Every structure is written in C-alpha cells, then in structure tokens.
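So you know, we letter chains A, B, ... as the sequences are listed, proteins then strands, and number each from 1. Just so it is clear, the model here is predicted, and its values are computed rather than measured.
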Amino acid sequence: MSAVPVLDVSSLTTVFELKAGAARSVNDVSFSLRRGEILGIVGESGSGKSVTGLSIMGLVAPPGRVVSGEVRMNGTVLTGLDEAQLRKKRGRDIAMIFQDPMTTLNPVLTIARQFYEVLRAHRPVTMREAREIAAAAMAEVGISAPRERLDAYPHQLSGGMRQRVCIAISLVNEPSVIIADEPTTALDVTIQAQILAMIQRIVRERQVAMIFITHDLSVVAGLCDRVGVMYGGRIVELGPVDEILADPAHPYTVGLLASIPGDAPARSRLFQIPGTQPSPLDLPSGCSFRTRCTKAAALCETAPPFAPVADGRQARCHFPQNRGGHDA
Amino acid sequence: MLDRAPSHTLEAADTAFVRLNDVSKRFVGRISSVERALARLGFDYRDQVVRAVTDVSLAIEKGKVLGLVGESGCGKSTLGRIAAGLLTPSAGSVSMGGERIDRMGTRCDTRTLLKAQMVFQDPMASLNPRQKVVDIITEAPLAHGLIRGADRLAFAAERLEEVGLAADALYRLPHQFSGGQRQRIGIARALSVSPDFLVCDEPVAALDVSIQAQIINLLMSLQERRQLTILFISHDLGVVKHLCDRIAVMYLGEIVEQADAAALFASPSHPYTQALLNEMPSVKAGRRLYQPVEGEIPSPLDPPPGCHFHPRCRAAMARCSSEAPPFFALPDGRRARCWLAEPAPSPGA
C-alpha cells in the first residue's frame, strides 16, 4: 500500500432539487483511498452511500447536482471535467459495479459484444482481440469454460455468473479505482462468499483501489481495510475496520453494531435505535442523528466537526465514546 | 444434555403441534399438444417437472420456533406455503393440533385453516395498496364472523397497538408507511384471526439493520405473549440463530440436517451446513480469507443423482454420486442426510 492516495474526495456535496425542497443526499463527504485498499461505505437505505458513488463517477442525473467539493484522482480533478472528458475517464481509470447485473448488462448483446463495446470506447480494438481479452478476463474472475460463454446472452447465465461478468468487464481497461455498489446483496450466501473471495484476490493482485458500498456490516468486517459509516448524507465515522467494529466512537455506529443479531445471546432483546432515519428533505439542524441519540445534548444542535478521535480515525460527534471501550 | 426431554427431537413425538409428514411438491410444466404430437413422432419433448420439495417431515412443538434456512431456489418458500395451507402438497400431509390443514384429505374446517397464518417478505406486495389499514386488518375477521362490524375500529386499533403502531394509522394507505411499519401492518393482519401457527417467510430480509432489530424484537414478544408456534424461513443465519429453538437446513428440495439451534451452530454435521456456517457473515469474526464452496446450486429441473450436494461437497465419496443418503439419527436429536453420519456397524454384530 503506497502512501499517496489514488483518490481524494473532499467536502463533496450533492443536492437533489425536488419540488418538495432540496435534499442534501451527500453532505460534506471527505475521504481518501490508496492503492490496494478496500474502503467500505456502510449505511442504511437513504443514507446517501450510493449517491456518493455516483457523484464520484459524475453520474448523478438531474435534478441531482454536485454543488460543491472536489474529487481528485491521480492529480486530475474529476469534478472539473466536462462530460466528454469524463467519458474518457469512466470505464478506463475509474469503473463501477452495480448491485443488479441484469440492469448493467445489455440484454440483447452477447457477452463478447459487451466486452468489445467497453474496450472500443477507449482504444482501437478488433472483435477478435476483444474476444481474447474477454476470455482471459472471464477466466480471471473464475468463470469456467469462458470461451463457450462469450456468445451467450446475459439471461443464459446465473445471477452469480452475471455479476462475475460485470466485474470482469469493469477490470478490462485496468482502472485504478473501482466503485462497487452492493455487488453481492442480491446473491446467496455461498455465491456471495465466492464473489468476495474473488474481489479480495483481484484487489491484492492488481493493487487497485476499491470503494465497496454496502448495508452489511458483516461484509465490511470480512472484506474491507477501512470503513466510512454514513448517516443522513454524512460520513459520521471513518477509520480502520477492526478498530471501529471493536470500539466504535459515534453513537450511531454503536447502535448499529448492537442491533445485529448473531453475537447477542439467543432470544435476548436486540438493541433498537429509537425512531427512524430522517428524510433527507428534512434533516435535523446540527447533528442529524441527535433526534435518535441517547447522548444528545444542547450542544448537538450545532453541527459537530469531523474531528480526529484516534490515530487515523475521525468521527462527527460532540461526545464520541471514550477510547478504550469502557464507556457506558 | 440428557436432562432435557428428548420429546421434540423425535419426529414421532406426540407433543408436536404442527406436523409435516413426507410432504412433496412437484410443479409440472406441461408440453403443448403440438409438442405432444411431435414427441409421439420420436422428437425429444417431455413435461418439465420441478421437484420443489421432496419427502420433507417436520414437527414443531407448541410455542416453539423452527428455523428453515437455505439458499434461493431450495424450496423453502414453497414448503412454507404448504405449511400455511396456501399450497396443496403433491404427496404427504400437514396437520396442526391433530387436524389436517393440507386440503388433500376430506374438507378442512375453515376455522382450523384460519389458525395458520403467514407473514410475507415484501409487505408492499402482500398488502393491497388501495385498502386502508383498518380494512386490511378487519377484512378477514369480519368475513369469518370473528368480530362484529360495530367493533371493527376498536379491534383494529387494538391490533395496531399490539404491533407498536399508533391508532392514527387506521385510515392511511400502505404506501404512506415506511418498510418497517408496513411489515408491522402485515403482522397485525396475520394476528387479526388469532392464529396459533405463524409462517414467517423472510419477514426481515428487506429491512435495514436497525429496523430489522425492531421487527425481530416484536416477533419474539408476540410469540411469547400469544404462545405462537412459528416456522421462520430465512437465509440469514444470524437472525435464525437468535430467534429459533430448532433449525432445519434445506438444499435442493430436501431437508439435509435438523438439530437444536445451539447444537447445530456448535457442531454442524452435514457438509452443506458446515459450508453455510463457514461463510456466515459475522462482524465479530473480523477480516478473513473467504474459502467458499465451489459451484452453484444445480437446477431443481435436473438435480444431480445420489446426494444432491455431492458435486459441491469437499467430502464426497464414490457412493455419494449414486446412492442418496437417508436420514441418520445422531445424538442430541440431530438428524443428517449424509453418508458421513452413518453409524459405524456395532462391533458385536
């Protein structure tokens, strides 16, 4: 892992201008990513984790708009590029894998053709060359008999196989950053483990940087190096996975971890975070978690800074849990 | 372990409240008349038969929770629908409190059928989007004469309170609620006819973690208060471990292992259960190298011969590909459908 970040996101803010008002789906999000690192972005639905991924890719569609902040990749400021320049970056320097491969793949094109389109967008290539590259890429992601599958259509493959194809396509132009948005959520446990094992191997071998967006803390625990926990459009806690899971600083992270069954004694009542996530149209002033937080005080009506709580760790809270983990 | 009554560990136990006996369900895709004519001329056309559930026997004691786990396509939802009396099995029988509810025997009493209810995964798909909450909850009890029209508002408000919703929800429509609240409405509807047996088919799979905890807590307290017997279907081993007394693991239409929850998680005996538990996502386990079982679930249209799991099994032997293993009884009331569980012939014999 080199020290120079491949991707640097600072104060990224994305707003959706709706009839009902302006929704700040991504609010002042900052993080950086190094080669060979997997950063997990975890949050519940509506927390802004997917929009963060789309904002980095420059794929936010109107009425959504990146209103401020900067995304810098290998020295280039992506947020300053126009659409034509961005198209040259997307798929070559930075690629995305989505949750549902059936909506990513074109249903009327063969697998080989889909590879060809992605390759040809960035360099001159013949169909014959594209087939060679595709077969090698599919073998790398663990598809058996890749040559026979080249002429298959997406619907002829299983869900796990389709997701493997999407990952292979994202890799063919050797991007330095891959954003994976819930790539295993729709898959069964044994297939999910196969895909995660493959992602782990590829990130290590190719030394790419990956943002892994998920709602599942246990996947983050098994796969990621660092994690950012999102709530109400903000990253409320950021740092190394093992430290945050063992000793969370933000009350939201504490609550999330306590509400997961499996580690609690059987049939004990699970911890419930009171209330529900606020609408991004109507976030509380100050700390957006304060209306559900057991530690909330008057101070929380002013927005807490994203302050360091330990070496390499930041949390957005006025009252972070004591380091050492003996806090009530 | 010996001081525990072994009653519910035997399928023949008399104390079982809900019982499935050798239940099978086949879905047949018939060929058209043209194809049938062509088949007679020697072309290869035949009816497609999916054996969704094969020879499943389960017994759930009164007031207990049985977890049914498996991956998509293994037949767990079909089995759940059969247990709730929504689907008729192709063979076998389902009984509750000694009375048949599978609609295969002579006519079933509607009152008995009402005692088995179901909670579905996606409340948006299982609640009528044009029905107000009060109607959703009172439609069934009114139709069956369990309550009087005059009591309907009070009754609906009571059910709502029971699942943790305020009475101002009565006149709202399903889309006006969040996912967790909708699931509460689905539960209230199931409870409206005072069931004894609840089949919950992935009731928390579509919910966020913090909401999941609320619904699991609600189900546990309802189960205790109403002495409900529950068949809890899920692919999430963490949830099942937390909630269930006993667990059945399903693979390609068959139960491959049954055991008490604690025993199953402590030492799984079937290789498929072992593989599932190995890959069980856990926050505590920390970073790890994934070592998944290879291959995908075969199509139920064309299951492999012998043990259905043998093409993916690390411990597969020669006989596994030809002979299907029966259920072997193991200590602690555990049963596994695997040749490895076969008791060694006793030395005296």
(request) For chain A, find which of B/D208, B/V65, B/I211 contributes the most heavy-atom pairs closer than 4.5 angstrom. (result) B/D208
(request) Measure A/L187 against the heavy atoms of chain B and call it side chain, backbone, both or neither at under 4.5 Å. (result) neither
(request) Can you tell which part of A/M161 gets under 4.5 Å to a heavy atom of chain B, answering side chain, backbone, both or neither? (result) both
(request) Quick one: closest heavy-atom pair of A/T190 and B/R312, and the distance? (result) OG1-NH2, 3.2 Å
(message) Under the criterion side-chain contact (heavy atoms from CB on, under 4.5 Å), I'd like the reasoning laid out for B/I297 against A/D188: C-alpha separation, chi angles, the key distance, then a yes or no.
(response) CA-CA 10 Å; B/I297 305 173; A/D188 279 314; 4.1 Å; yes
(message) If the condition is ring pair (Phe, Tyr, Trp, His ring centres under 6.0 Å), which residues does B/Y272 pass it with, not counting sequence neighbours?
(response) B/Y251, B/F309
(request) Would you mind checking which part of A/I191 comes under 4.5 Å of any heavy atom in chain B, side chain (CB onward), backbone (N, CA, C, O), both or neither? (result) both
(request) Please flag which part of A/Q277 lies under 4.5 Å from any non-hydrogen atom of chain B: side chain, backbone, both or neither. (result) neither
(request) Spell out the residues in residues 226-234 of chain A that have some non-hydrogen atom less than 4.5 Å away from a non-hydrogen atom of chain B, in order of number; otherwise answer 'none'. (result) none
(request) Decide if atom CZ of A/R206 counts as having more than 12 heavy atoms of other residues, nucleotides or ligands within a radius under 6.0 Å. (result) yes
(message) So for A/V189, is it side chain, backbone, both, or neither that comes closer than 4.5 Å to the heavy atoms of chain B?
(response) both
(request) Could you tell me whether B/Q176 atom CD has more than 12 heavy atoms of other residues or ligands within 6.0 Å of it? (result) yes
(message) Under 4.5 Å from any heavy atom of chain B, what part of A/S144 do you find: side chain, backbone, both or neither?
(response) neither
(request) With sequence neighbours excluded, tell me which residues meet side-chain hydrogen bond (donor to acceptor under 3.5 Å, both in side chains) with A/S218. (result) A/D216
(message) Other residues, nucleotides and ligands only: do more than 12 of their heavy atoms fall within 6.0 Å of CG on A/D311?
(response) no
(request) Give a yes or no on whether the backbone of A/R269 and the side-chain of B/H242 come within a donor-acceptor separation of less than 3.5 Å. (result) no
(request) Under 4.5 Å heavy-atom distance to chain B, tell me which part of A/E44 shows up: side chain, backbone, both or neither. (result) both
(message) Does A/Q156 have more than 12 heavy atoms from other residues, nucleotides or ligands lying within 6.0 Å of its CD?
(response) yes
(request) Measure across B/G238 and A/P261 and return the closest heavy-atom pair with its distance rounded to 0.1 Å. (result) O-CB, 3.9 Å
(message) Can a donor-acceptor pair be found, under 3.5 Å and without considering hydrogens, that links the side chain of B/E296 to the backbone of A/S158?
(response) no
(request) With a 4.5 Å heavy-atom cut-off (strictly below), which parts of residues 212-225 of chain B touch chain A? List them by number. (result) B/A213, B/Q214, B/I216, B/N217, B/M220, B/S221, B/Q223, B/E224
